[in-house]
Amino acid sequence: MRKNGGMVLGAVAIVIALAIGAGLYLNGKHQADLQAQTNQKLSEQLSALQQQASSDKQQLTQQLSGAETALQTAQTQQNASAKELETLREKVAVISGNDVRSWLLAQADYLVKLAGRKLWSDQDVTTAAALLKSADASLGRHERSQRHECASCADPGYQ
């Protein structure tokens with residue numbers, strides 16, 4: 001019986017070894033399959049993320065291009081507005097200068113006419129002389145403003 005017992009024990013040992021080997025093989029195969037599935041999922045996720053990144057990059061490039069175009073348009077409009085504002089300032093300066101000169105001339109004309117009426121109708125020489133002095137002062141201010149304007153045109157640093 002010893003021989004039979006040794007053979008049975010050997011056969012049991014071989015069966016156990018084969019079972020352990022088969023179990024380890026199946027476990028390894030299962031682990032390899034799981035790893036392959038995980039790798040496939042990760043590959044798909046990576047591909048999707050790369051496509052999303054490419055799409056996002058394209059969108060950002062388009063938005064940047066649109067912003068640059070809008071900025072250029074705004075700068076062009078700002079430059080045009082600045083030129084228009086400068087033109088309006090020049091016109092206002094001309095009108096303001098003309099208004100002051102016109103007012104001084106009109107004042108002098110009024111004072112001369114008033115002096116003439118005082119002299120002819122009231123025969124008031126003193127008042128007429130005072131009115132003529134005032135008219136002369138208005139004309140003097142008018143001449144100074146013209147001299148200042150001519151000097152400032154010739155020399156921008158003139159005050």
Side-chain angles (χ1 to χ4, degrees), residues 1-114 134-159:
M1 260 255 11
R2 263 182 161 197
K3 258 185 173 183
N4 260 348
M7 271 179 102
V8 171
L9 189 58
V12 170
I14 291 175
V15 169
I16 291 175
L18 286 174
I20 291 175
L24 288 175
Y25 169 77
L26 290 175
N27 185 34
K29 185 173 181 331
H30 179 70
Q31 291 296 324
D33 289 344
L34 285 176
Q35 188 172 8
Q37 288 175 357
T38 303
N39 284 344
Q40 180 64 30
K41 286 179 184 178
L42 289 175
S43 178
E44 290 170 359
Q45 288 175 350
L46 179 62
S47 177
L49 288 173
Q50 286 174 337
Q51 287 176 352
Q52 183 64 38
S54 176
S55 175
D56 290 348
K57 181 181 176 184
Q58 187 177 11
Q59 278 183 330
L60 288 174
T61 302
Q62 288 174 348
Q63 288 175 348
L64 180 60
S65 176
E68 287 173 349
T69 302
L71 178 62
Q72 288 175 350
T73 302
Q75 286 175 339
T76 301
Q77 289 175 347
Q78 182 183 12
N79 290 339
S81 295
K83 287 178 184 177
E84 186 177 335
L85 179 62
E86 186 60 33
T87 302
L88 288 175
R89 283 184 179 162
E90 290 172 1
K91 288 179 180 179
V92 166
V94 167
I95 290 171
S96 296
N98 286 340
D99 284 349
V100 170
R101 287 189 299 272
S102 298
W103 185 82
L104 289 172
L105 288 175
Q107 181 185 23
D109 182 52
Y110 171 76
L111 292 172
V112 168
K113 288 179 182 176
L114 188 59
S134 293
D136 188 46
S138 287
L139 289 174
R141 285 192 301 268
H142 178 261
E143 287 177 14
R144 280 193 302 275
S145 72
Q146 281 185 327
R147 278 194 305 262
H148 177 73
E149 184 178 306
C150 289
S152 66
C153 287
D155 180 16
Y158 178 78
Q159 290 293 328

Give me each pair satisfying side-chain hydrogen bond (donor to acceptor under 3.5 Å, both in side chains) with a member in residues 13-41, each pair once, sequence neighbours excluded.
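Applying side-chain hydrogen bond (donor to acceptor under 3.5 Å, both in side chains) to every pair that reaches into residues 13-41, excluding sequence neighbours, yields Q40-E44.
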
Can you check whether L64 reaches L60 side chain to side chain, under 4.5 Å on heavy atoms?
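Result no, sub-4.5 Å side-chain heavy-atom pair not found.
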
Should Q75 and N79 be marked as a side-chain hydrogen bond (donor to acceptor under 3.5 Å, both in side chains) after you check the CA-CA gap, both sets of side-chain angles, and the distance that decides it?
CA-CA 6 Å; Q75 286 175 339; N79 290 339; over 6 Å; no

Could you state the interatomic distance from [atom1] ([X]) to [atom2] ([Y]), rounded to the nearest 0.5 Å?
X: S54; Y: Q59; atom1: OG; atom2: CD; result: 10.5 Å
X: I14; Y: M7; atom1: CD1; atom2: CE; result: 9.5 Å
X: S81; Y: K83; atom1: OG; atom2: NZ; result: 11.0 Å

Around atom CD of E84, are there more than 12 heavy atoms from other residues, nucleotides or ligands closer than 6.0 Å?
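No, CD of E84 has 12 or fewer neighbouring heavy atoms, counting only those of other groups under 6.0 Å.
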
Where A108 and S138 come nearest, the two heavy atoms and their spacing:
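Closest pair (atom of A108, atom of S138, distance): CB-CB, 4.0 Å.
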
Heavy-atom pair of closest approach, residues A135 and V112
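Shortest heavy-atom contact: CB-CG2, 3.8 Å.
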
Given 3.5 Å as the limit, does a donor-acceptor pair link the side chain of S65 with the main chain of T61, or not?
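The answer is no, because no donor-acceptor pair under 3.5 Å joins these two groups.
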
Donor-acceptor pair, distance only, cut-off 3.5 Å: does the side chain of T76 make one with the backbone of Q72?
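Such a contact is found between T76 side chain and Q72 backbone.
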
Got a sec, which residues hit side-chain contact (heavy atoms from CB on, under 4.5 Å) with V12, two or more places apart in sequence or on another chain?
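Partners of V12 under the side-chain contact (heavy atoms from CB on, under 4.5 Å) test: V8, I16.
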
